[in-house]
J.: 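Pasting in a structure now, in structure tokens, and then I'll have a few things to ask.
Predicted model, so just to flag it, every value in this text is computed and none were measured.
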Amino acid sequence: MTIDLIVTWPSNADYPLFREWLKDNSFRFRMVYVIVHKTNTLPDLRSFVQESIDIDNLAWVTYSDVPSDRDWRDYGIQFALDDSTADRVLFIEQDFF
């Protein structure tokens, strides 16, 4: 059985403990999908976060502006789900330990 991990990540936040958790546990997943949501607020930490997480099985999911009739989280997650070929998918938030 294969498992993919999907997590959404606001562009103006960093989660150091979660970044470490990802590094320590990424081997448990076929793929780790991180969907970065551009919040249009400062600071924009996307580059810092992407450079801080060095995982071979990580895919950054990017998308253009969310249509006004769509929820940003659902919209981004659909991109990851379209790419996932795992038997199971785990959705978690950065406060998961």
J.: Do I35 and F79 have side chains that approach each other closer than 4.5 Å (heavy atoms only, starting at C-beta)?
T.: no

J.: Among residues at least two apart in sequence or on other chains, which ones pass side chain to side chain donor-acceptor pair (under 3.5 Å) with D44?
T.: R46

J.: Per the side chain to side chain donor-acceptor pair (under 3.5 Å) rule, what does the pair list look like for residues 9-20, sequence neighbours excluded?
T.: S11-T39, N12-T41, D14-R19

J.: Could you grab the distance from atom CG of L58 to atom CD1 of I53, nearest 0.5 Å is fine?
T.: 6.0 Å

J.: Using the side chain to side chain contact (heavy atoms under 4.5 Å, CB included) criterion, which residues pair with V7? Sequence neighbours excluded.
T.: F18, V34, Q94

J.: Going by side chain to side chain contact (heavy atoms under 4.5 Å, CB included), I6 matches just one of I92, L90, V61, V89. Which one?
T.: V89

J.: Let me have the donor-acceptor pairs involving side chains of residues 23-31, under 3.5 Å, with sequence neighbours excluded, atom names and distances please.
T.:
| unit_1 | atom_1 | unit_2 | atom_2 | d |
| --- | --- | --- | --- | --- |
| K23 | NZ | S52 | O | 2.9 |
| N25 | OD1 | R28 | NE | 2.8 |
| N25 | ND2 | W21 | O | 3.0 |
| R30 | NE | D4 | OD1 | 3.1 |
| R30 | NH2 | D4 | OD1 | 3.4 |
| R30 | NH2 | D4 | OD2 | 2.8 |
| R30 | NH2 | Y33 | OH | 3.4 |

J.: Suppose the criterion is salt bridge (charged side-chain N to carboxylate O under 4.0 Å, His left out): which pairs have a residue in residues 50-61, not counting sequence neighbours?
T.: none

J.: Name all pairs fulfilling the salt bridge (charged side-chain N to carboxylate O under 4.0 Å, His left out) condition that reach into residues 77-94, sequence neighbours left out, sorted by first residue then second.
T.: R73-E93

